[in-house]
Amino acid sequence: MFTRLFDDAALFPPGNAPMAVAVPAWLRRQGDLVGPFVLPAARLAEVGAHLGTDGPPLEIALTTAPADLPAAVDAIRRNPALRLVAVETTVAVDAAQARSAVRTMADSLPPELPTAIEVPRTDSRDEVLDVLAGTGCRAKLRTGGLRVDLFPSPAELAGTIRACAERGVAFKCTAGLHHAIRHTDPATGFDHHGFLNVLLAADDPDSAEVQLRRTDAVAVSAELRDWSPSRAARARSVFTSFGTCDVADPVHDLVQLGLLPERITV
C-alpha cells in the first residue's frame, strides 16, 4: 500500500534542506517506502559534489520546464552516478501547452519512464486532462504550498480527482501532504489534506469530497487495514506518489496509526 509512496522532496519548502544534507540522506536510506529524489533541473549542477563513488545511483524525479528537458536528460545520462526514473513538468496552463509538453517528453524520454504534467487550478483543468488521457502521462495535482491559496478546498480537489478518474489518468500530488489525516497546522492555521484521505478518495472518486473531509484517524486506519492487496494496488495505480520535504513525518504517522510496524525507519 505504501511502497514508494513518498517522493523525497527535501530540497523544497518548507524543508529547504541543503543539497549536502539531502543527497547523502537519500543514498543512506534502506527499504522500499521512499521513492526518487525530486530534483529541479536548475540544480543539477550542484548534485555531483555530493555523490559517492560506489553504491547505488541517485534516483532522480526531475522537475523541469519542457524547454529545459532535453539538456537536463543529456546531463543525467552522462553521469553514471545518476539515474532518471521520472519526469515532472511545470503547470500546463491550457491544452496547447499540455500537448507541447507531451510531445517534448515523448521525443526526449523512453516510453516506459513515468511522466507527469502539473494540472492548472483553473477552468482549463479539464482540457489539459483531456490531452493527458490515453497518453500514460500522469497529472500532477498541487495540494498545498507556502500560502493558503495554494491549498485546494476538499470540493476542488475532489472534483479534480473525479475528473482524472473519468479519463483514466493517474495522478501524483505535490506539497501540503505533510501528515496522514486532514488537519489544521497550528503554526499557520492552514487546513492540510491528509495523504490517507487522498488514497481513500482515489479508491472511491464518487465519495472523494467526503473522504477528503474526514478527520477520524482511527476509523480511517481501521478501514485501510481491511483492504485486500488487490484493492491497495488498484488505489495506488491511481494515486501513485506525493512529494514530501521530510519523509520521516508521514512514515511516523503510519507507525502511530498501526499501518506500519514500529521497527520501520527512514
Side-chain angles (χ1 to χ4, degrees), residues 1-12 14-15 17 22 25-38 59 61 85-86 114 138 140-144 151 154 157-158 161 170-188 190-205 207-208 210-266:
M1 190 180 296
F2 306 117
T3 298
R4 294 178 72 85
L5 178 61
F6 314 112
D7 294 341
D8 186 344
L11 298 178
F12 292 78
W26 189 95
L27 292 170
R28 286 194 302 268
R29 290 200 169 100
Q30 303 293 321
D32 59 0
L33 293 174
V34 180
F37 185 79
V38 185
E59 294 184 356
V85 301
R138 299 167 182 170
K140 181 177 177 178
L141 310 186
R142 183 157 295 278
T143 45
F151 289 79
L157 182 56
I161 290 172
F171 67 86
K172 68 158 297 177
C173 295
T174 183
L177 297 183
H178 298 167
H179 292 288
I181 303 295
R182 181 172 179 80
H183 65 284
T184 300
D185 187 314
T188 64
F190 298 168
D191 292 328
H192 286 246
H193 296 288
F195 65 85
L196 292 185
N197 299 82
V198 176
L199 187 63
L200 289 167
D203 175 65
D204 184 10
S207 70
V210 171
Q211 301 297 349
L212 291 173
R213 291 187 181 278
R214 292 178 65 177
T215 57
D216 48 335
V218 173
V220 166
S221 57
E223 287 180 30
L224 290 172
R225 276 194 292 272
D226 286 340
W227 277 16
S228 66
S230 61
R231 185 175 182 181
R234 185 170 61 250
R236 283 296 311 282
S237 72
V238 178
F239 174 31
T240 61
S241 67
F242 69 94
T244 174
C245 65
D246 186 349
V247 295
D249 285 341
V251 171
H252 174 77
D253 280 10
L254 294 178
V255 170
Q256 292 299 302
L257 291 171
L259 293 170
L260 287 176
E262 291 186 6
R263 67 178 184 276
I264 289 287
T265 59
V266 292

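Throughout, numbering of the chain's residues begins at 1 and tracks the sequence.
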Heavy-atom donor-acceptor pair, Thr143 side chain to Thr174 backbone, under 3.5 Å: yes
Spatial distance of atom CG (Leu27) from atom CD (Glu59) [nearest 0.5 Å]: 10.0 Å
Side-chain heavy-atom pair Leu254, Leu196 within 4.5 angstrom cut-off: yes
Lys/Arg-Asp/Glu bridge criterion (N-O < 4.0 Å) met for Arg4, Asp32: no
Non-hydrogen side-chain atoms of Val38 and Phe12 separated by less than 4.5 Å: yes
Validation row: Val34, Trp26 side chains within 4.5 angstrom (heavy atoms): yes
For Arg182, the option from His192, His193, Arg214, Gln211 that meets side-chain contact (heavy atoms from CB on, under 4.5 Å): His193
Short side-chain to backbone donor-acceptor contact, His252 and Pro250, under 3.5 Å: no
Residue pair Asp249, His178: steps toward the side-chain hydrogen bond (donor to acceptor under 3.5 Å, both in side chains) verdict: CA-CA 7 Å; Asp249 285 341; His178 298 167; over 6 Å; no
Any Leu260 side-chain heavy atom under 4.5 Å of Leu33 side chain: yes
Flag, side chain of Asp216 to backbone of Val218, donor-acceptor distance under 3.5 Å: no
Any donor-acceptor N/O pair, Ser207 side chain to Val210 backbone, under 3.5 Å: no
Gap between atom CG of Asn197 and atom CG of Leu212 - 0.5 Å precision: 6.0 Å
Whether Asp253 side chain and Ala180 backbone form a donor-acceptor pair below 3.5 Å: yes
Val85 vs Pro114 side-chain heavy atoms within contact, under 4.5 Å: no
Parallel, tilted or perpendicular: ring planes of Phe242 versus Phe239, cut at 30 and 60 degrees: parallel
Where Leu257 and Ala217 come nearest, the two heavy atoms and their spacing: CD2-CB, 3.8 Å
Any Trp227 side-chain heavy atom under 4.5 Å of Met1 side chain: yes
Any Leu5 side-chain heavy atom under 4.5 Å of Phe195 side chain: yes
